[in-house]
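Since the structure is predicted, the reported quantities are computational estimates derived from the model, not experimental observations. Order of the sequence lines sets the chain letters (A, B, ...), proteins ahead of strands, with each chain counted from 1.
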Amino acid sequence: MPELPEVEVVRRSLVELVAGQRIIDVKVGWPKIIKSPEQHEQFQDALKGQTIRDIDRKGKFLIFLLDDYSLVSHLRMEGKYSKHKTEDPVDKHTHVIFCLSGGEELRYRDVRKFGTMHLFAKGSEWAVPPLSNLGPEPFSYEFSFDYFKGKLMKTDRFIKAVLLDQTIVTGLGNIYVDEVLFRSRIHPERKTKTLSDQEILTLKEQAALTLQESINAGGSSVNTYMNSYGQIGTYQNELKVYGRKDEECYHCGAIVQKIKVAGRGTHFCPACQVCN
DNA sequence: CTCTGGTCCTGTACGC
DNA sequence: TGCGTACAGGACCAGA
């Protein structure tokens with residue numbers, strides 16, 4: 001599932017592929033993907049004639065900056081964009097098609113149909129969900145030690161639940177949370193109030209470092225992830241615990257366990273990550 | 001405040 | 001072989 005690194009890699013490929021192009025028509029095959037405006041016909045009408053000026057990102061959200069609107073797109077588990085010739089056959093899982101002035105199409109494909117698109121008047125997107133409640137990204141100035149510690153000391157939740165909470169820090173998903181916790185040698189069920197300053201600092205640093213390393217590797221291609229050129233990433237080869245249930249820990253040789261934490265499948269090394 | 005569970009979906013992996 | 005069923009998951013929402 002695309003998390004911050006994968007979405008950033010997609011963003012970069014989209015800038016190269018469609019920035020500067022004008023949308024001349026929009027086809028919607030599965031209206032439920034369009035969350036706002038409520039009527040998808042309004043979504044289609046508004047986009048006609050709009051030029052894609054730039055593509056931004058916050059956390060796992062892509063933000064297409066148009067002339068008068070911002071199109072906020074979340075890929076969820078399986079969403080992907082790709083560019084096609086008009087005559088290319090349309091895959092059955094393609095649900096939204098943006099016809100571009102250059103005679104090509106930007107297509108949104110999503111097997112699970114979990115992805116979302118919100119269209120807002122440009123500039124107003126930050127005042128309402130889904131962007132309004134997002135916390136800082138792990139490598140941003142706002143994600144300071146004091147900010148993070150403040151959040152951690154004021155809740156009784158498990159650290160895994162907090163790292164998945166996009167209002168506290170945005171961009172981490174199930175894969176990278178497991179990786180960050182392993183690299184920090186912290187058990188996913190540690191209560192955040194018991195974390196030492198050193199552990200908090202390590203978590204903060206490992207979150208930023210892990211995401212940056214993955215971006216540099218083109219993201220992790222678990223399941224079906226690829227960028228908008230159809231290229232896969234290589235960071236899946238660097239994952240230390242995610243997807244390694246019953247395999248030996250690279251660090252100590254113990255057997256990687258998979259349990260359920262915060263409702264999510266959670267991988268960890270029972271020897272390296274002790275819950276005290 | 002925060003936890004749980006439902007919702008949205010469908011391909012995959014099971015058990016029989 | 002084939003069928004039925006459980007499962008996975010990000011964000012959001014309702015209800016406890």
**Message:** Please enumerate all residues that pass side chain to side chain donor-acceptor pair (under 3.5 Å) together with A:Q166, with sequence neighbours excluded.
**Reply:**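 Residues passing side chain to side chain donor-acceptor pair (under 3.5 Å) with A:Q166: A:T170.
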**Request:** Determine whether A:L17 and A:L106 make a side-chain contact, defined as any pair of heavy atoms from C-beta on separated by less than 4.5 Å.
**Result:** no
**Prompt:** Is the phosphate of C:dA11, meaning OP1 or OP2, less than 4.0 Å from a side-chain N or O of A:Q166?
**Reply:** yes
**Request:** Drop me the distance from A:D54's CG to A:S70's OG, to the nearest 0.5 angstrom.
**Result:**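 Interatomic distance, A:D54 CG to A:S70 OG, rounded to 0.5 Å: 10.5 Å.
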Side chain of [X], heavy atoms from C-beta onward: which of [options] has the nearest atom to it?
| X | options | answer |
| --- | --- | --- |
| A:P130 | C:dA11, B:dT10, C:dC12 | C:dC12 |
| A:F114 | B:dG11, B:dT2, C:dG10 | C:dG10 |
| A:R112 | C:dA11, B:dT10, C:dC12 | B:dT10 |
| A:V111 | B:dT10, C:dA11, B:dC9 | B:dT10 |

**Asked** With a 4.0 Å cut-off on heavy atoms, is A:G265 in touch with a base, just the backbone sugar-phosphate, or nothing at all?
**Response** sugar-phosphate
**Prompt:** Any donor-acceptor pair under 3.5 Å joining the side chain of A:R157 to the base of B:dT2?
**Reply:**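 Looking at the base of B:dT2, it does not pair with any donor or acceptor on the side chain of A:R157 (distance under 3.5 Å).
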**Request:** Assign the ring pair A:F61 / A:H74 to parallel, tilted or perpendicular, where the plane angle (0 to 90°) is split at 30° and 60°.
**Result:**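 It falls in the perpendicular class, over 60°.
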**Item:** A:L164 or A:K260, whichever maps to the more 5' nucleotide of DNA chain C
**Value:**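 Going by which nucleotide is closer to the 5' end, it is A:K260.
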